[in-house]
Amino acid sequence: MSPTTLPPIYHWLNTSLTAAAGQTFWLPEQGSTVATSVDRLFHFILGISIFFFSLIVVLMVIFVLLYRRRTDVTNDPAPLHNTKLEITWTVIPLIIVVIIFYEGFVTYMDIRTSPSQAYEVHVIGKKWQWLFKYPDGHVDEVLHVPLDEPVRLLMSSEDVIHGLAIPAFRINMDLVPGRYTYMWFRAVEPGEYQLFCTQYCGTGHSDMLTKVVVHTRSDFESYLKREANAFKDLPPAKVGEILYTRRGCAQCHSIDGTVSTGPSFKGIFGQTHEFLNAPPTLVDENFIRESILNPSAKIRQGFRDQMPTYKGILKDEEITNIIEFIKTLK
Amino acid sequence: MAETAYTTADNDSYLTHDRGVLSWLFSLDHKRIGVMYLVSILTAFLLGGTFSTLVRMELMYPNKPAESVVAEKTLIPREIFSKDNYNKFFTTHGAVMIFLFIIPGIPAALGNFVLPIMLGAKDVAFPRLNLFSLWLWWSGCVFFLLTLLFGGLDTGWTFYTPYSTSTETRVVPAVVGAFILGFSSIFTGLNFIVTIHTLRPPGMTWFKMPLFLWSLYATALIQVLATPVLGITLMLLGVERVLSIGIFDPKLGGDPVLFQHFFWFYSHPAVYIMILPGMGIISELISVFSHKHIFGYRFIAYSSVAIALLGFLVWGHHMFTSGQSAMASMIFSALTFSVSIPSAIKVFNWLATMYKGSISLQTPMCYGLMFIFLFGIGGLTGLFLGALATNVPLHNTYFVVAHFHYVMFGGTMVAFLGGIHYWWPKITGRMFSEFWGRLAALIVFTGFNLTFFPQFLMGTHGMPRRYYDYSSLALEHPEIATYNFLSSIGSLILAVGLILILIYLLASLFNGRPAPANPWGGATLEWQCSSPPPYYNFKSPPTVDDPYDFTNIHYDPEIRGYIKTTDNS
Amino acid sequence: MTDEHHTIAESSHAGEHEPFLAHHFDTHAQQLNAGKLGMWIFLLTEILLFSGLFLIYTVYRSHHPEIFVWAHQFLDKTLGGVNTVVLIASSFTMAWAVRCAQKNQRRGSIVLLVLTWFCACGFLGIKYVEYKHKWQDGLLWASRFKPNEHEIEAIQKHYPDPGHVASDVENAPRNAGIFFSIYFAMTGLHGLHVLAGMIAIGWVLRRSIRGDFNSQYFGPVDFVGLYWHLVDLIWIYLFPLLYLIH
């Protein structure tokens with residue numbers, strides 16, 4: 001049978017289980033310092049669960065077989081309670097859950113308490129994209145971090161509640177509009193790790209994905225330098241195109257004429273459009289700038305008031321670059 | 001002596017006493033109300049189950065697989081529904097299952113029928129309120145149907161703000177429906193509490209009550225105390241959408257996390273509304289089908305009330321990653337473990353009941369044993385979620401989905417099925433086919449585990465819930481695609497099992513053997529009246545004995561049922 | 001065995017049984033006890049319903065006391081005070097009406113129920129005046145909170161001292177409209193309960209006129225009375241919390 005017609009299960013059997021190095025049957029690879037403690041607790045609880053579950057099922061099966069109703073038997077009166085037994089099966093589980101609680105609590109304090117010195121990245125979550133603002137001011141939609149150094153994420157949402165989770169790092173925290181939440185980690189292996197949105201946020205919830213790239217220190221320096229000079233020698237329209245893809249514009253606005261959540265950018269510069277809440281307006285530099293900073297001011301006919309503002313996210317220079325890019329779209 | 005004082009020789013039962021649709025729609029008879037609830041609630045279950053099947057079909061394959069498998073033929077298309085429709089499907093599945101099915105569930109459909117008879121009373125304390133509760137259920141159902149017909153709902157059954165205050169879908173009718181259903185639940189709980197307090201016959205002390213009644217009482221306490229908080233929460237959500245009062249909107253000075261506190265303050269105790277009656281049924285089933293007195297009666301009775309009350313203290317364990325303080329999380333985690341202990345001990349008590357019993361594996365007992373197995377897994381996986389450190393990576397993943405399906409479906413639904421089969425002869429006067437009963441139970445068990453066990457693995461590997469597509473995850477972890485595939489196949493097997501149950505139960509109405517008064521050998525009062533019971537339940541207040549004393553209950557092959565002898569011959 | 005009917009139309013007149021004794025109760029005393037327990041449980045659920053709002057009030061007031069201090073002065077303490085007196089009086093007449101029903105004093109219970117009903121009307125009437133005033137002067141919830149000039153003038157006249165926080169309208173606390181969100185939610189829900197109470201009072205009034213009640217059977221009046229006392233009690237908490245902030 002050719003591989004393309006085999007049912008997926010055969011692909012699974014053929015595919016290496018350790019597609020990501022360090023992955024086990026239950027858990028993904030351990031990418032952060034807390035992962036070892038979290039996993040240790042996980043396996044402890046797993047062991048306890050398997051033990052008690054097996055005990056219960058085995059007893060159940062044995063009793064069913066041993067005490068199967070043969071004829072209409074009269075029972076020997078059996079004791080209705082047994083204090084020693086009842087105390088035992090109360091105290092032992094109690095001790096076990098106290099241990100589980102304690103271990104869970106201790107590791108949790110590690111998870112929640114970031115070291116005082118940490119590389120701080122601001123995270124902005126919005127439908128349906130992640131944006132990371134670095135200390136040097138540049139913005140990226142991928143999270144780049146240095147290896148083996150504490151990184152602190154200061155997070156907030158622009159619109160609804162989102163959740164940031166990096167399974168390999170075993171961390172997860174909601175992003176709430178109107179306030180900040182934070183999370184920290186220390187990566188232990190260079191590589192790329194998936195990052196998901198874990199708080200349902202609407203249509204694009206399962207598209208709200210990105211990754212964490214862990215660099216060695218020197219590679220990280222190179223990355224930062226690259227980003228600082230990313231647009232140094234590029235013409236403004238080219239920079240605008242990069243921003244168009246990386247800042248989330250592409251999610252809702254096409255450049256080939258396809259109408260999606262928002263109008264297409266193709267050919268709009270110089271056109272006059274109709275609006276639901278404003279008189280017909282010419283699409284010029286000022287209009288585009290206003291649309292980016294205050295999108296609700298003019299809602300185009302046939303569309304809804306859904307675009308979030310980019311105030312504070314796009315610098316003036318970046319807005320200019322985007323305008324130049326749009327001008328090139330005939 | 002074979003006969004009892006309360007079996008009726010009349011050919012008239014509650015089913016035949018009054019004729020016509022109106023005599024049912026306006027009936028004050030708790031038995032008829034219970035039957036109408038049973039039919040309504042199971043219909044809602046079918047509706048909710050249809051939506052979950054659609055969800056599982058969408059998730060059977062990743063939409064954008066790896067290059068190597070992209071040309072592979074699939075059993076169904078990879079992408080079947082739009083993202084928005086998918087979001088509406090899982091929301092509807094959750095909302096229908098929770099508000100229309102599982103919360104009213106056992107108390108309304110079985111409790112209404114059984115409670116007065118098991119207690120030895122003629123009816124519940126407020127029969128008109130009981131009928132009103134049913135009408136409220138139907139009204140709430142209408143609002144849910146309106147929600148579906150006019151654009152659907154896509155917020156998830158948890159309605160988190162600000163998504164729920166800003167989405168364009170039909171939040172207001174859904175919230176109105178849930179509000180009305182909340183009152184249906186409150187009035188049922190109120191009715192049961194007053195009934196148990198004031199209508200016990202002479203001799204029926206609290207500790208002579210069967211454990212099913214204790215569980216309904218504990219459940220009723222929660223219904224009465226927790227549901228009003230849901231009421232105000234939903235009311236505020238509705239008012240926020242219509243008038244923008246801003247309580248939960250950060251732009252207007254509100255706090256979206258406050259919504260979560262309010263919502264879970266009800267919704268956590270709600271899960272005990274779901275499970276306690278189920279556990280009550282299991283106590284009955286294990287005892288009757290082991291033909292042995294329940295072990296640890298007092299403990300089980302006390303633990304039901306303890307779980308009900310402790311359940312009010314742990315709502316924050318749904319919010320460990322919401323941004324709430326570490327201190328609050330710690331307290332909630334500690335309290336969460338305290339609630340786990342009584343539930344675990346109940347399982348040990350049931351096993352001890354089976355020890356040296358005389359066990360018969362008839363269909364209700366199959367469900368009883370299935371409950372212990374599946375609730376065991378469900379409860380133990382709760383340990384992972386109650387512990388703070390392991391909760392963090394597992395929160396909002398499929399691990400949580402698997403956990404709650406094991407306890408709600410593997411727990412409550414299985415107990416519900418056990419109870420339906422157990423009381424089926426009493427309610428309908430017919431026996432169902434044991435062969436099909438046991439076969440369907442096996443299919444349900446297999447399908448259930450195949451559907452939900454892989455979801456634990458999906459969750460530990462990081463697959464978030466409420467995801468329309470997991471292609472990117474599957475690219476890095478191809479086994480996720482396999483787990484999803486197996487889960488979807490499992491859901492089809494599960495559906496087959498459930499539909500099979502529906503078929504043979506309905507068939508029994510036409511060609512089932514007429515049931516004796518006591519087909520299983522129970523010692524509680526409902527087995528002392530005919531199957532089906534007369535409309536007046538008992539001619540005179542019944543004699544109250546120990547509800548788990550089987551010493552004088554013997555099988556009579558002539559009637560193929562059990563009779564209670566008054567001497568030891 | 002009697003041919004008893006079990007439908008809603010016939011439950012109150014159960015044939016050979018006593019009038020108004022439901023078939024599943026043995027005695028009037030048992031029925032009264034059950035009804036009382038039922039009503040107390042229902043009142044408990046009402047307290048829990050309102051407690052959500054009281055909790056929101058507490059949370060917001062502790063986080064933003066300045067909003068409450070500033071915004072509450074738009075409320076009319078006099079009207080609020082009159083309403084409080086009216087409701088307390090209505091509780092008194094209601095309790096007396098229950099006593100009359102218990103003592104078989106039909107005329108007395110009718111008069112007192114009518115008085116209670118009119119007190120309730122008065123309460124709602126004053127509430128209507130207050131709400132209309134708020135609507136006209138732009139004193140509404142959250143984003144719709146835009147006090148107009150008339151209102152601002154009135155405030156400044158009332159608090160001429162320029163140092164007083166209330167007269168400093170230009171520097172009103174941000175999101176001051178939240179106070180009115182809470183005000184309308186709480187008094188609105190309470191008002192709906194007053195209205196429901198009026199319907200219930202009307203119903204027992206009709207039954208009193210029909211002569212249904214006697215010293216053996218007076219439960220419904222008692223239970224409506226209990227409900228009415230709770231409605232009064234909730235207002236007694238609402239009034240100082242909303243109107244009398246210092």
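Residue numbers start from 1 in every chain, and the chains themselves are labelled A, B, ... in the order their sequence lines are given, proteins ahead of strands. Computed from a prediction, not measured in an experiment: that's the story for all the values here.
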K.L.:
For the candidates B:Leu129, B:Leu190, B:Leu225, which exhibits the highest count of non-hydrogen atom pairs separated by less than 4.5 Å from chain C?
P.N.:
B:Leu190
K.L.:
Heavy-atom distance under 4.5 Å to chain C: side chain of B:Val224, backbone, both or neither?
P.N.:
both
K.L.:
Pick whichever of B:Val124, B:Leu230, B:Val239 has the most heavy-atom pairs under 4.5 Å with chain C.
P.N.:
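Among B:Val124, B:Leu230, B:Val239, the one with the most close pairs to chain C is B:Val124.
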K.L.:
Looking at C:Trp141 and B:Leu243, would you say the former's side chain and the latter's main chain have a donor-acceptor pair under 3.5 Å?
P.N.:
yes
K.L.:
Report the option among C:Ile47, C:Ile67, C:Ile56, C:Leu55 that has the most heavy-atom pairs separated by less than 4.5 Å from atoms of chain B.
P.N.:
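Going by pairs under 4.5 Å, I would pick C:Ile56.
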K.L.:
Against chain B, label C:Leu48 side chain, backbone, both or neither, depending on which of its atoms sit under 4.5 Å from a heavy atom there.
P.N.:
both
K.L.:
Measure from the side-chain N and O atoms of C:His24 to the backbone N and O of B:Ala125, and report whether any donor-acceptor pair falls under 3.5 Å.
P.N.:
yes
K.L.:
For B:Asp249, is it the side chain, the backbone, both, or neither that has a heavy atom closer than 4.5 Å to a heavy atom of chain C?
P.N.:
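It is neither, since no heavy atom gets under 4.5 Å.
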K.L.:
For chain B, find which of C:Val59, C:Leu53, C:Leu44 contributes the most heavy-atom pairs closer than 4.5 angstrom.
P.N.:
C:Leu53
K.L.:
Is B:Phe187 in contact with chain C via its backbone, its side chain, both, or neither, using a 4.5 Å heavy-atom distance?
P.N.:
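Looking at B:Phe187, just its side chain touches chain C.
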K.L.:
Which distance, rounded to the nearest 0.5 Å, do you find between the CG of C:Asn33 and the OG1 of B:Thr198?
P.N.:
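Interatomic distance, C:Asn33 CG to B:Thr198 OG1, rounded to 0.5 Å: 8.0 Å.
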K.L.:
If you compare all heavy atoms of C:Ser181 against all heavy atoms of B:Ile247, which two are closest, and at what distance to 0.1 Å?
P.N.:
CB-CD1, 4.4 Å
K.L.:
Could you have a look at B:Thr227, B:Leu199, B:Thr233 and say which one has the most heavy-atom pairs with chain C under 4.5 angstrom?
P.N.:
B:Leu199
K.L.:
Could you go through B:Ile193 and C:Ile41, starting from their C-alpha distance and side-chain angles, then the distance that decides it, and tell me whether this counts as side chain to side chain contact (heavy atoms under 4.5 Å, CB included)?
P.N.:
CA-CA 9 Å; B:Ile193 293 175; C:Ile41 295 174; 3.5 Å; yes
K.L.:
Does atom CH2 of C:Trp135 have more than 12 heavy-atom neighbours from other groups under 6.0 Å away?
P.N.:
no
K.L.:
Identify which part of B:Leu258 has an atom lying under 4.5 Å from any heavy atom of chain C, answering side chain, backbone, both or neither.
P.N.:
side chain
K.L.:
With a 4.5 angstrom heavy-atom cut-off, could you sort out which part of B:Ile186 is near chain C: side chain, backbone, both or neither?
P.N.:
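Only the side chain of B:Ile186 comes within 4.5 Å of chain C.
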K.L.:
Given heavy-atom pairs under 4.5 angstrom as the criterion, report whether the side chain, backbone, both or neither of C:Phe42 touches chain B.
P.N.:
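Contact with chain B: backbone and side chain both.
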K.L.:
Can you see which heavy atom on B:Gly231 is nearest to which on C:Leu49, and at what distance?
P.N.:
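Minimum heavy-atom separation between B:Gly231 and C:Leu49: C-CD1, 4.0 Å.
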K.L.:
If you count heavy-atom pairs within less than 4.5 Å of chain B, which of C:Asp26, C:Leu189, C:Asn175 leads?
P.N.:
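Among the listed options, the one with the most contacts to chain B is C:Asn175.
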K.L.:
Hey, could you give me the CZ/CD1 distance between C:Phe145 and B:Ile245, rounded to the nearest 0.5 Å?
P.N.:
15.5 Å
K.L.:
Could you tell me which portion of C:Ile178 (side chain, backbone, both or neither) has an atom closer than 4.5 angstrom to a non-hydrogen atom of chain B?
P.N.:
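Interface part for C:Ile178: side chain.
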K.L.:
Crowded around B:Phe132 CZ? As in, over 12 foreign heavy atoms under 6.0 Å?
P.N.:
no
K.L.:
Return the OG to CZ distance between C:Ser51 and B:Phe265, rounded to the nearest 0.5 Å.
P.N.:
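The OG atom of C:Ser51 sits 7.5 Å away from the CZ atom of B:Phe265.
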K.L.:
Are B:Asp255 and C:His63 packed together at the side-chain level, in the sense that at least one heavy-atom pair is separated by less than 4.5 angstrom?
P.N.:
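No. Closest side-chain heavy atoms not under 4.5 Å.
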